[in-house]
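Worksheet: the structure to be examined is printed underneath.
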Amino acid sequence: MVFLEVIRPMKLELKGITKEFDQGNGNTVVTLEDISFEINDKEIVGILGPSGCGKTTLLRIIAGLERPTKGAVLLDGVPVTKPGARMGMIFQEHALLPWRSVLENVSLGLEILEIPPIQRQEKAMSYLDLVGLKDSSKSRPYELSGGMRQRAAVARALVLEPSLLLMDEPFSALDPQTRKQIQADILRIQEKTSKAIVLVTHSVEEAIFLADKLIILSARPGKVQKILEVKLERPRDRMSLQFLEMREEVLGYLDGRTP
Amino acid sequence: MNFRFHKLLLPLSLILLWQVLALYISNPFVLPNIGAVLSVLLRPTADILGSGSLIDNAMMSLFRVALGFLIASCLAVPLGLAMGHWEAARDVAGGLISALRPVPPLAWVPLAMAWLKIGLLSILFIIALGAFFPILLSTAQGVLGVKRSWMEAVSMMGARESDLIRSVILPGSAPEIWNGMRVGFGIAWMCVVAAEMLPGTSSGLGYLIMYAYGWGQIQVVVAGMVAIGIIGILIDQLFIAVERRWFSWRSYDR
């Protein structure tokens with residue numbers, strides 16, 4: 001027997017995403033307007049923009065947690081209409097279930113797939129090992145530090161082997177030291193698991209450090225203002241001249257100096 | 001030992017006052033002295049005026065309250081889950097419930113007797129009614145308090161509605177459901193004693209109290225009251241112990 005495994009690279013396309021909110025008094029507010037871009041396999045994409053530009057809404061639309069007013073999100077050509085296991089999401093606040101241990105949180109997705117207990121424990125443990133939480137598998141989320149909780153959330157998102165990871169300002173509540181450490185870990189994990197990542201952040205430095213491509217949104221309504229490739233060599237040095245130049249360029253777009 | 005004497009100060013003074021008053025009044029039909037009450041309480045298996053022992057009657061009351069409470073829980077928890085989860089269910093049932101809730105369970109006694117005759121069924125009806133509303137409202141509240149981020153995180157795992165109910169909504173609202181049950185049981189316990197005082201009952205602590213009153217045995221009445229109080233406290237402690245064991249996460253994460 002011949003097994004022909006066709007591994008098709010992942011492709012995510014956003015086509016003319018527009019989101020209007022009904023304010024309730026007959027007025028509608030346009031928060032996102034005609035947003036189109038693509039995310040390719042194994043690519044890390046950072047979404048940047050002034051606060052209130054709808055970055056998080058855009059990510060939630062990609063995830064299928066919200067529907068756009070116009071436009072479509074296509075994952076490998078198929079419209080995304082509801083949340084599902086093909087994408088893993090890491091929320092701003094970890095969103096771990098407090099009544100479950102770390103291991104039980106990570107294995108919940110496998111439980112839903114009705115994978116037998118021994119296999120799901122094994123697999124969940126291997127992902128906990130990957131994020132460096134093997135020794136805390138029995139702890140409850142509230143017994144962990146902020147950084148460890150986000151690591152657990154990463155393991156939980158990875159365990160279902162999604163082709164795309166979505167991150168909504170996942171490190172914004174962490175102290176700078178933890179933040180740097182977990183950013184480095186994300187790159188290591190991405191290299192190992194070769195996921196595509198969409199990262200919403202308000203930190204220009206974080207975006208440049210992690211991303212291959214930056215999508216810069218303008219203020220209300222959020223439109224694609226600029227798409228930039230980050231061509232800096234990895235591992236990136238936050239203090240290098242090229243890094244700082246890139247940072248200046250991005251800040252120029254964000255504060256409106258560069259139209 | 002972390003024993004705090006000041007907590008016992010007030011009850012002990014009351015008991016002392018009671019005994020002084022009892023000796024002063026010197027009429028066991030008005031206020032029996034402590035010795036007489038204790039002699040009833042310390043012989044819980046002894047028959048009282050041919051109506052069974054204190055333990056027999058307490059077990060009867062407990063059996064009734066457990067059954068009524070179980071019925072109430074089986075109805076109130078699913079309905080509360082539905083009301084918390086679906087706005088339509090809240091809209092449909094909300095008005096009726098807020099109209100019925102203020103009616104004290106004992107106000108239903110005449111109707112209960114008319115519908116279900118004198119006996120176990122009408123007592124169960126009153127008990128279940130007493131426990132029903134706290135469990136219902138607490139359950140609905142608990143479901144409404146389930147964090148949206150928990151639901152979203154689990155729906156990103158490809159969870160179906162049934163998975164969400166089983167893995168997020170039920171465990172996420174369990175502390176509130178349990179708390180509602182605790183409050184509901186307290187009310188049910190009050191209701192059973194009151195319902196047993198109704199005509200046509202021939203067992204239970206409520207019956208024992210009324211029966212002993214008829215015979216002028218006030219020390220039995222007071223002993224019955226003390227037994228009701230002690231059982232109430234013990235069961236409440238049981239609820240609290242379970243809460244500490246299983247739902248401690250609630251105080252950390254909300």
Side-chain angles (χ1 to χ4, degrees), chain A residues 56 59-60 62-66 80-102 104-115 120 124 139-144 149-150 152-162 164-168 170, chain B residues 77 80-81 84-87 91 135 138-182 239-254:
Chain A
T56 293
L59 196 73
R60 291 172 58 81
I62 295 175
L65 292 168
E66 279 181 44
V80 176
T81 55
K82 59 176 174 47
R86 293 227 34 213
M87 299 185 217
M89 179 114 169
I90 292 143
F91 294 81
Q92 198 166 0
E93 57 146 1
H94 56 88
L96 297 165
L97 307 179
W99 56 88
R100 284 176 167 252
S101 71
V102 169
E104 288 164 346
N105 263 286
V106 175
S107 60
L108 176 56
L110 304 169
E111 228 174 284
I112 288 169
L113 286 179
E114 288 167 16
I115 286 166
R120 65 182 185 235
S139 304
R140 295 289 182 92
Y142 51 78
E143 294 167 329
L144 304 181
R149 284 179 207 174
Q150 282 306 27
V154 170
R156 178 175 68 171
L158 285 172
V159 81
L160 290 175
E161 297 174 357
L164 179 64
L165 277 186
L166 307 175
M167 303 187 178
D168 181 14
Chain B
V77 171
L81 289 172
H85 194 47
W86 290 293
E87 210 182 333
D91 290 346
I135 302 175
S138 209
T139 303
Q141 201 69 45
V143 175
L144 286 169
V146 167
K147 282 189 189 171
R148 197 175 67 157
S149 62
W150 295 341
M151 297 286 281
E152 289 181 346
V154 177
S155 61
M156 289 304 292
M157 301 169 187
R160 292 149 299 186
E161 183 90 6
S162 59
D163 296 317
L164 287 173
I165 292 172
R166 201 183 53 237
S167 306
V168 187
I169 295 178
L170 266 175
S173 54
E176 272 82 6
I177 298 176
W178 189 251
N179 198 49
M181 285 177 144
R182 183 184 155 204
F239 273 97
I240 291 173
V242 171
E243 191 178 314
R244 289 219 180 105
R245 172 74 183 77
W246 294 103
F247 306 132
S248 56
W249 61 265
R250 175 81 170 58
S251 46
Y252 295 98
D253 203 317
R254 259 285 131 139

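Letters A, B, ... mirror the listed sequences (proteins, then strands); counts begin at 1.
- Side chains of B:S248 and A:Y142 form a contact here, defined as non-hydrogen atoms less than 4.5 Å apart.
- For chain B, no part of A:E104 is nearby; none of its heavy atoms comes within less than 4.5 Å.
- A:P83 approaches B:M156 most closely through the heavy-atom pair CB-SD, 3.6 Å.
- In this structure the side chain of B:M157 never reaches within 4.5 angstrom of the side chain of A:E111, judged on heavy atoms.
- Contacts with chain B were tallied for A:L160, A:L113, A:L108; A:L108 has the most, counting heavy-atom pairs under 4.5 Å.
- Closest approach of B:R160 and A:I112 over heavy atoms only: NH2-O, 3.9 Å.
- Contact detail for B:S155 and A:L65: the closest heavy-atom pair is OG-CD2, 3.9 Å.
- Under the side-chain hydrogen bond (donor to acceptor under 3.5 Å, both in side chains) criterion, B:N179 pairs with no residue, sequence neighbours left out.
- Ranked by heavy-atom pairs shorter than 4.5 Å toward chain A, the options B:S149, B:S167, B:P171 are led by B:P171.
- Between A:F91 and B:A153 the shortest heavy-atom distance is CE1-CA, 3.5 Å.
- Contact annotation for B:R148: only side-chain heavy atoms (C-beta onward) come within less than 4.5 Å of a heavy atom of chain A.
- Taking the six-membered ring for Trp and thresholds of 30 and 60 degrees, B:W150 and A:W99 have ring planes more than 60 degrees apart, a perpendicular arrangement.
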